[in-house]
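Not measured: the values here are computed from a predicted model.
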Amino acid sequence: MTDRSPQVVSLDTILPADMAKRAEQTGVSRAGMDTLSLFVLSTLAGAFISFGAIFATTVGAGAISIAQTGAADAQASLPYGVVRLLMAIVFSVGLLMVVIAGAELFTGNNMIVMAWANGKVRTSALLRNWTICYFGNCFGALGTAALMFLTTQYTFGGGAVGLAALSTAQAKASLGFVPALTLGIMCNALVCLAVWMCHAARTTVDRVVTIIPPIAAFVASGFEHSIANVYFIPVALFIKAGAPDSFWQAIGRRPADFPNLTWTDFIANLMPVTLGNIIGGSVMVAAVYWFVYLRKTA
């Protein structure tokens with residue numbers, strides 16, 4: 001006789017101890033993925049994060065000065081924090097696509113450390129995953145930056161989008177080693193907290209609500225994300241090198257006004273930010289939750 005008893009669906013909260021087990025299982029699965037699939041999904045993640053960066057740049061373009069209603073010549077400045085908040089919220093679309101559509105993001109995969117620390121993933125598998133993810137992410141972000149330059153979207157808004165991209169990249173490329181490192185640490189602590197909290201989610205809506213606040217917090221605060229920077233700085237470098245004279249005339253600037261926008265300064269930014277991201281995600285989040293919930297005690 002067939003058992004027709006109703007299936008029990010639980011809506012109880014998933015507690016951190018169970019979240020840790022789910023995070024460990026996810027880490028094992030990610031570390032065991034085949035090379036081609038991992039690279040393709042990593043390329044997608046780089047593009048997805050770039051979409052968030054494009055959205056944020058567009059929303060921030062020209063937002064610092066707006067005309068008042070009924071007074072075409074009068075200008076009112078939006079508060080710095082308001083502009084940053086608007087940019088931060090829309091940037092969250094990048095990680096939302098990574099988590100919901102499915103992709104492999106280097107910074108989020110720092111959470112594999114939970115499975116590695118518990119002996120479920122070998123060191124070689126961990127480093128393999130990080131290496132493939134990092135280069136795949138960079139490939140996707142650089143490719144997106146090149147495509148965006150070819151679209152000439154930077155000329156939109158009378159060049160306001162391009163000016164926003166140049167100003168953002170100039171600020172990032174001007175950071176010293178220690179600020180870039182520590183801003184990277186703070187960034188990925190929040191990114192990995194978003195990934196960690198997603199292990200408590202049961203639905204897509206849960207994931208959306210969980211992801212936006214920590215991602216918005218890191219962007220609004222000006223923290224540094226290595227993969228996002230692989231879009232932000234190169235797209236500005238492409239604009240600086242290839243934008244026509246009409247663009248520079250429209251924004252009233254010259255390429256020389258952005259002296260730190262060089263490929264050398266891009267690499268100089270990427271190195272400490274990447275290291276900081278690893279520390280922030282692996283140590284401040286993954287290692288802490290492993291110690292509390294998965295550590296084997298006598």
Side-chain angles (χ1 to χ4, degrees), residues 39-40 42-65 83-84 86-88 90-91 93-94 97 103 105-107 134-177 180 183-184 219 222 224-274:
F39 184 80
V40 171
S42 298
T43 300
L44 284 179
F48 291 165
I49 294 300
S50 298
F51 290 152
I54 294 163
F55 199 178
T57 302
T58 304
V59 168
I64 59 172
S65 182
V83 177
R84 297 295 305 181
L86 292 173
M87 295 174 65
V90 300
F91 180 89
V93 71
M97 288 191 288
L105 183 63
F106 166 74
T107 49
Y134 191 81
F135 285 104
N137 291 169
C138 289
F139 181 73
L142 279 169
T144 305
L147 284 172
M148 283 306 296
F149 172 72
L150 293 175
T151 67
T152 70
Q153 192 251 9
Y154 62 89
T155 64
F156 292 3
V161 173
L163 179 57
L166 289 163
S167 300
T168 298
Q170 169 71 15
K172 290 178 178 294
S174 301
L175 289 171
F177 185 91
L183 288 169
V219 177
E224 294 288 303
H225 189 276
S226 56
I227 305 308
N229 284 6
V230 179
Y231 171 81
F232 276 122
I233 300 178
V235 76
L237 285 165
F238 295 149
I239 294 170
K240 181 180 178 181
D245 290 341
S246 58
F247 166 75
W248 298 105
Q249 292 168 3
I251 67 171
R253 303 290 179 87
R254 300 173 301 156
D257 294 329
F258 304 93
N260 293 104
L261 270 183
T262 67
W263 288 102
T264 299
D265 286 323
F266 165 53
I267 299 301
N269 169 273
L270 198 57
M271 291 174 63
V273 170
T274 300

Enquirer: Which pair of heavy atoms, one from F55 and one from V93, lies closest together, and at what distance?
Expert: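 Taking every non-hydrogen atom into account, CD1-CG1, 4.0 Å.
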Enquirer: Report the distance from atom CD1 of I233 to atom CZ of F266, rounding to the nearest 0.5 Å.
Expert: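 If we round to the nearest 0.5 Å, I233:CD1 and F266:CZ are 6.0 Å apart.
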Enquirer: Just to verify, what does F156 make a side-chain contact (heavy atoms from CB on, under 4.5 Å) with, not counting sequence neighbours?
Expert: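 Partners of F156 under the side-chain contact (heavy atoms from CB on, under 4.5 Å) test: Q153, V161.
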Enquirer: Of all heavy-atom pairs between T144 and G140, which one has the smallest distance, and what is that distance?
Expert: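 Minimum heavy-atom contact is OG1-O, 2.7 Å.
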Enquirer: Which distance, rounded to the nearest 0.5 Å, do you find between the CZ of R254 and the CG of D245?
Expert: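 It comes to 12.5 Å.
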Enquirer: Is N137 reaching over with its side chain to a backbone N or O of F106, donor-acceptor style, under 3.5 angstrom?
Expert: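 Answer holds: yes.
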Enquirer: Can you name the nearest heavy-atom pair linking A165 to I239, along with the distance?
Expert: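 Here A165 and I239 meet closest at CB-CD1, 4.1 Å.
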Enquirer: Could you pull out the closest heavy-atom pair between L175 and E224, with the gap in Å?
Expert: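 Looking at all heavy atoms of both residues, the closest pair is CD1-CD, 3.6 Å.
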Enquirer: What closest approach, in Å, do A61 and A164 show between heavy atoms, and which atom pair accounts for it?
Expert: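 Of all heavy-atom pairs spanning A61 and A164, the closest is CA-CB, 3.9 Å.
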Enquirer: Find the distance between CG (L147) and CG (L142) and round it off to the nearest 0.5 Å.
Expert: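 The CG atom of L142 is 11.0 Å from CG of L147, to the nearest 0.5 Å.
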Enquirer: Which value, rounded to the nearest 0.5 Å, describes the distance between T262 atom OG1 and L237 atom CG?
Expert: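 It comes to 7.0 Å.
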Enquirer: Could you tell me which residues satisfy ring-ring contact (aromatic ring centres under 6.0 Å, His included) with Y154, sequence neighbours excluded, listed by chain and number?
Expert: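 For Y154 the ring-ring contact (aromatic ring centres under 6.0 Å, His included) partners, ignoring immediate neighbours, are F149, F247.
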Enquirer: For the residue pair F48 and F51, does the interplanar ring angle fall in the parallel (under 30°), tilted (30 to 60°) or perpendicular (over 60°) class?
Expert: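 Tilted.
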Enquirer: Under the criterion side chain to side chain contact (heavy atoms under 4.5 Å, CB included), I'd like the reasoning laid out for R253 against L163: C-alpha separation, chi angles, the key distance, then a yes or no.
Expert: CA-CA 9 Å; R253 303 290 179 87; L163 179 57; 3.8 Å; yes
Enquirer: In chain order, what residues pass the side-chain contact (heavy atoms from CB on, under 4.5 Å) check against A228, with sequence neighbours excluded?
Expert: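 I49, F91, H225, F232.
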Enquirer: Is it true that, when you exclude F238 itself, more than 12 heavy atoms of the residues, nucleotides or ligands shown sit nearer than 6.0 Å to its CZ?
Expert: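 For F238, atom CZ is crowded (more than 12 foreign heavy atoms under 6.0 Å).
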Enquirer: Tell me, yes or no, whether the heavy-atom count around M97 atom CE, taken from other residues, nucleotides or ligands under 6.0 Å, exceeds 12.
Expert: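 Enclosed: over 12 neighbouring heavy atoms sit under 6.0 Å from CE of M97.
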Enquirer: Determine, step by step, whether L183 and V273 satisfy the side chain to side chain contact (heavy atoms under 4.5 Å, CB included) criterion, reporting the C-alpha distance in whole Å, the side-chain angles of both residues, the deciding distance to 0.1 Å, and the verdict.
Expert: CA-CA 7 Å; L183 288 169; V273 170; over 6 Å; no
Enquirer: Are the side chain of N269 and the backbone N or O of K172 linked by a donor-acceptor pair below 3.5 Å?
Expert: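 Pair found, side chain donor or acceptor close to backbone of K172.
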Enquirer: With rounding to the nearest 0.5 angstrom, report the CD1 to OG distance, I251 to S246.
Expert: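 If we round to the nearest 0.5 Å, I251:CD1 and S246:OG are 10.5 Å apart.
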Enquirer: Once rounded to the nearest 0.5 Å, what's the spacing between atom OG of S42 and atom OH of Y134?
Expert: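 That separation rounds to 12.5 Å.
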Enquirer: Looking only at non-hydrogen atoms, find the nearest pair between A145 and P234 and report the distance.
Expert: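 Distance-wise, the nearest heavy atoms are CB-CB, 4.4 Å.
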